[in-house]
S.K.: 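Before we start, here is the structure in question, set down as structure tokens.
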Amino acid sequence: MATVTDDRIAADPTAVGPPRSRVARFVEAWPPSVLLALGWIVAMLLIAASVEWIAGYAYTAMDLRARLSPPILFGGTERHLLGTDELGRDVLSRLLYSIRMSLLIAFFGTLIAATLGTFLGILAAHFRGWVEDIVLTMIDFQASMPFLIIALAVLAFFGNSLILFICLMGFHGWERYARISRGLAIAANEQGYAGAVRQLGAPAWRIYGRHVLPNIASTLIVSMTLAFPETILLESGLSFLGLGVQPPLTSLGNMVGYGREYLTRAPWIMLAPSAVIVLTTLSISLVGDWLRDRLDPTLK
Amino acid sequence: MNAPAAPLLQARDLSRSFRVRRSGGMFGHAAVLHAVDGVSFDLTPGRTLGLVGESGCGKTTTARLVLGILTPTGGEVRFEGAPVPAPGTRAWRQLRRRMQMVFQDPLGALDRRIPVGQQVMEPLAIHGAGARGDRRGRALELLDAVGLGASFFARYPHELSGGQRQRIVLARALILDPTLLVCDEPISALDVSIQAQVINLLLDLQAKFGLAYLFISHDLKVVRQISHEVAVMYLGKIVEQGDPDRLLTDPAHPYTQALVSAIPVAAAARRRPRLILKGDPPNPVDRPAGCAFHPRCPAAVDRCRVDTPVLKPLPDGRLAACHVAHGEAGSARLVA
Amino acid sequence: MLRYLSTRLVRALLTICFVVTFAFVILRLSGDPALLILSPDAPPEAIEAFRKSWGLDRPVWEQYVRYFGAIAEGNLGRSMRDGRPALDLVLERVPATLALTIPALILKLVIGIPAGIYAALHRNKLADRMTMLFSVAGFTVPSFVLGLVLVLIFSVNLGWLPSGGQDSWIHGILPVITLGTAGAAVLARFTRSAMLEVLGQPYIRTASAKGLAWHRVVVDHALPNAAIPTVTIVGFMVGSLVAGAVVVESVFSWPGVGRLLVVAVANRDLAVVQTILLFVAATMVCANLTVDMLYGWIDPRLRTRRVAGAG
């Protein structure tokens with residue numbers, strides 16, 4: 001019993017300790033894990049921006065004399081730092097191009113989902129009544145179906161192209177933004193600043209564009225950060241199954257799917273992109289959780 | 001003071017009901033809540049009508065009806081002789097230049113992200129009033145009129161005190177030169193020491209701009225300071241209406257008597273016996289039959305249980321809705 | 001309570017209608033259903049017969065009604081690969097999928113919920129941090145990566161376990177572990193935050209302040225209340241028993257519904273895809289309905305809750 005009581009005291013977040021040094025306060029505000037994660041994200045963004053200049057080879061360039069060459073520390077040569085695949089393509093160069101592709105798809109997908117969801121949420125909050133009922137039904141439907149199944153069905157019916165694929169990613173998770181923006185907009189309309197501005201005679205675009213959206217932006221940005229890794233995972237999952245990004249284009253999931261065939265002979269083909277997926281989603285999740293705790297503790 | 005000026009605002013038999021779902025029973029059932037039930041009053045330019053009552057008596061609904069934010073389910077509101085248009089329409093938005101509102105919670109009514117000066121200017125931008133370059137100057141004028149200096153222009157709402165925020169809300173409401181200001185409990189969220197300042201400011205502004213106020217409060221004492229006429233509401237109806245001093249010194253309706261007796265008085269000699277009302281205000285969904293006040297009324301007689309009294313003049317010109325006050329109860333007034 | 005259940009039932013039916021409509025719309029948008037459902041090289045008279053039987057020569061609204069009718073009769077078309085009824089193809093794959101997903105669900109519950117509760121009760125201790133680390137990893141490691149790494153270790157390097165196929169229960173070990181780990185992580189995180197939320201409520205403080213033993217506070221007050229949100233996520237997991245293994249079945253060449261779906265999508269075998277879509281929707285809706293009924297049982301407020309307030 002006594003230890004349990006101690007637990008509860010220790011769990012009290014308002015407990016004040018002795019004054020801490022500047023280093024301790026800095027570490028508290030910027031935990032090392034978050035700094036590392038931010039560093040990794042920045043590195044990924046730099047790679048995505050400059051891949052043409054830093055990649056040693058084109059992602060389709062074949063070197064048939066050096067097929068399935070292992071990475072440099074495992075008996076390979078410095079010509080292919082992360083080894084090559086069955087066709088002699090440089091794994092490192094393909095990895096860099098894949099990072100760009102996966103980040104681009106996830107970025108646009110998240111952006112589309114956030115725009116769509118916020119728009120529908122505000123629409124529901126503004127009109128209420130049957131418009132709101134329709135939006136809520138759509139939210140329920142989207143939230144109750146595994147998105148992977150819907151995505152697979154759409155891909156089966158429409159075939160695949162990069163644009164369609166990105167749009168499809170844009171339907172992933174829109175319902176979360178719709179829920180959030182609807183709730184916040186209704187609250188703002190009913191007793192807050194938005195009701196006051198409406199009462200001043202402001203038209204709807206002004207109420208939402210100038211007042212409601214900027215006020216809920218931080219919440220939406222935090223949700224986007226938390227949704228981004230999920231979109232990366234969805235994209236790489238579909239590409240792994242061979243139903244996402246199509247060759248000759250390459251993405252991280254695509255590389256893993258290809259490398260799976262050579263799991264026994266050349267595991268590096270599959271391990272390199274896997275590590276990048278895990279580290280990237282982990283980093284963004286860590287930063288997202290940290291952002292949420294700092295900016296918007298209501299979103300749990 | 002009884003010059004026959006044309007009324008700025010006329011409410012005629014104004015009613016508003018809401019559909020609600022009631023608790024109780026297996027399924028619950030729909031019921032109708034009469035928030036405002038047959039309210040009529042006039043307001044002439046430059047004057048103040050005080051609206052008093054407990055929370056839930058329909059004061060705020062009346063305010064929203066007057067402003068056209070809610071559409072009445074019965075009766076009508078006329079502003080400057082014309083009916084108030086439906087909310088959200090172009091005509092309704094145009095009308096915002098003539099009628100404005102002051103809120104109970106000034107912090108909630110302001111956008112926390114925008115400097116208050118910008119917010120004071122916003123109505124000008126919304127209605128395209130004045131040249132773009134003049135708007136800032138106009139906002140500074142208004143800040144000055146509500147007693148805040150130019151240094152407040154760039155501050156954010158959370159940096160101001162409650163009274164200062166309410167002044168900002170006032171400045172924003174007044175920048176379009178309205179003729180009617182609806183004040184919904186404008187001071188009840190403020191410290192007592194600040195309340196008097198805001199009341200004085202409202203009086204100054206009325207004198208300066210010729211504003212008419214519809215002033216809503218649960219506090220009879222505050223309403224008396226500012227109003228030319230007072231209407232007491234109980235469960236969606238006006239039960240007594242008239243000159244504030246007369247109403248306070250000699251309340252006719254037993255409900256007004258109870259409200260008056262609850263006002264703290266300093267001089268011991270003037271202390272009156274305190275009338276404590278029985279029970280809570282009834283649920284507006286369960287309006288008692290007859291006079292809605294009869295279950296709590298110390299003077300109620302049999303007639304009050306069945307016959308709803310109408311609001312009509314007493315001999316001194318004031319209006320009251322009470323069988324007893326009109327001497328029609330068939331027995332003497334029992335109230336001390 | 002009756003009212004609560006009847007609105008839930010209506011909502012469930014609406015969701016089914018929504019899915020059918022969704023399938024109808026994408027089917028119509030994607031081209032000539034006759035050519036898509038059959039195959040382009042089907043004999044012309046078969047295509048003609050198909051058009052007649054589905055009423056493709058009729059106005060769109062009538063087609064829509066007929067589509068509902070056909071689905072209600074279980075007529076979901078035939079697979080274009082072997083011409084067998086799509087529903088049969090799907091149903092015969094269900095046992096294989098359940099053989100993976102049910103043990104995985106048990107694994108998730110047995111690991112996830114106790115871990116979440118333990119972490120919440122020992123907040124900020126080492127055990128909590130380890131649990132959270134595990135759960136973050138479960139979120140961020142995609143199941144195909146986890147599966148392949150397990151294969152690399154246990155099949156390729158150690159040679160202990162088979163890497164794919166469905167010949168014996170031993171073949172199921174790696175896929176079940178892969179599926180269960182990710183789900184357990186999600187569940188642990190969810191349970192932990194539900195518990196923490198409840199433990200912060202005034203009634204918990206009241207209960208412990210009035211001298212109730214801490215374990216009684218947890219068992220009598222905290223757990224039942226934390227169960228309410230946790231049931232939702234478990235319901236979602238139950239609902240995805242049929243379709244929850246798409247990726248993992250592909251990694252381990254497990255002949256279940258998920259693998260069938262992937263192959264059908266790759267071959268654009270639309271009758272099969274459509275059948276799986278509707279089948280999954282139906283199981284999800286049933287699971288959600290069960291969760292809603294459980295709510296009514298766990299949460300007494302829902303039994304009597306009414307919408308109050310006056311506009």
Side-chain angles (χ1 to χ4, degrees), chain A residues 1 4-5 7-8 10-11 13 136-138 140-146 148-160 229-230 232-234 236-238 240-243 252-253 256-257 259-260 263-265 267 270-271 273-275 277-286 289 300, chain C residues 11 14-15 18-19 22-23 26-27 29-31 36 121-125 136-137 139-145 148-149 151-152 155-156 163 193 197 199 208 213-215 236 239-240 243-244 246-247 250-251 261-262 264-270 272-274 276-277 280-281 284-285 287-288:
Chain A
M1 202 33 222
V4 175
T5 317
D7 276 359
R8 273 175 288 160
L136 287 177
T137 311
M138 280 161 58
D140 273 0
F141 165 70
Q142 184 80 68
S144 67
M145 277 292 282
L148 187 65
I149 304 292
I150 295 179
L152 285 171
V154 171
L155 289 173
F157 282 97
F158 290 106
N160 200 336
E230 291 177 28
I232 293 184
L233 292 182
L234 183 68
S236 53
L238 284 169
F240 168 80
L241 294 173
L243 303 170
L252 294 171
V256 179
R260 168 193 173 194
L263 196 61
T264 331
R265 283 187 289 158
M270 168 249 146
L271 285 176
S274 296
I277 294 174
V278 171
L279 287 174
T280 308
T281 50
L282 182 66
S283 300
I284 302 173
S285 296
L286 283 175
D289 283 349
K300 270 276 179 188
Chain C
R11 183 158 277 187
L14 265 177
T15 308
F18 212 88
V19 180
F22 174 75
I26 56 175
L27 192 64
L29 282 179
S30 56
L36 288 169
L121 293 178
H122 299 84
R123 192 180 183 184
N124 292 333
K125 290 279 179 69
V136 170
F139 268 113
T140 54
V141 178
S143 56
F144 59 88
V145 167
L148 288 178
V149 169
V151 167
L152 195 60
S155 308
V156 178
S163 66
S193 67
E197 170 105 34
L199 288 176
S208 60
W214 181 239
H215 69 272
F236 192 84
S240 46
V246 175
V247 174
S250 294
V251 170
L261 177 61
V262 171
V265 171
N267 295 326
R268 302 195 71 189
D269 192 348
L270 296 185
V272 174
V273 174
Q274 170 189 283
I276 295 178
L277 180 69
V280 168
M284 282 312 295
V285 165
N288 282 342

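All figures in this text were calculated on a predicted structure; none of them were measured in a lab.
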S.K.: For A:Thr280, what residues pass the side-chain contact (heavy atoms from CB on, under 4.5 Å) criterion, not counting sequence neighbours?
M.R.: A:Trp40, A:Met44, A:Leu103, A:Ile232, A:Val276, A:Ile284
S.K.: For the CZ atom of C:Phe18 and the CE atom of A:Met145, what is their distance to the nearest 0.5 Å?
M.R.: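 Rounded to the nearest 0.5 Å, the CZ-CE separation comes out at 11.5 Å.
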S.K.: Output the option from C:Pro142, C:Ser155, C:Ala287 having the highest count of non-hydrogen pairs under 4.5 Å with chain A.
M.R.: C:Pro142
S.K.: Evaluate the side-chain proximity of C:Val247 to A:Leu241: yes if any heavy-atom separation is below 4.5 Å, no if none is.
M.R.: yes
S.K.: Looking at C:Val151, C:Asn267, C:Leu261, which one has more heavy-atom pairs under 4.5 Å with chain A than the rest?
M.R.: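 Maximum pair count with chain A is reached by C:Leu261.
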S.K.: Quick one: does any side-chain atom of A:Thr281 pair with a main-chain N or O of C:Thr140 as donor and acceptor, under 3.5 Å?
M.R.: yes
S.K.: Among A:Ser236, A:Gly253, A:Gly257, A:Pro267, which has the most heavy-atom pairs under 4.5 Å with chain C?
M.R.: A:Ser236
S.K.: Please flag which part of C:Val251 lies under 4.5 Å from any non-hydrogen atom of chain A: side chain, backbone, both or neither.
M.R.: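 Both backbone and side chain.
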S.K.: Given that the side chain runs from C-beta out, which part of A:Ser285 has a heavy atom under 4.5 Å from chain C: side chain, backbone, both or neither?
M.R.: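 It is the side chain, since no backbone atom gets that close.
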S.K.: Please identify, among A:Thr137, A:Asp140, A:Val154, the residue contributing the most non-hydrogen atom pairs under 4.5 Å to chain C.
M.R.: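 Highest number of pairs under 4.5 Å: A:Asp140.
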S.K.: Over 60° means perpendicular and under 30° means parallel, so tell me whether A:Phe240 and C:Phe144 are parallel, tilted or perpendicular.
M.R.: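 Parallel, since the angle between the ring planes stays under 30°.
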S.K.: With a 4.5 angstrom heavy-atom cut-off, is it the side chain or the backbone of A:Leu243 that approaches chain C, or both, or neither?
M.R.: side chain
S.K.: Check whether C:Val141 gets within reach of chain A through its side chain, its backbone, both or neither, counting any heavy atom under 4.5 Å.
M.R.: both
S.K.: Could you state the interatomic distance from CG (A:Leu155) to CG (A:Leu148), rounded to the nearest 0.5 Å?
M.R.: 9.5 Å
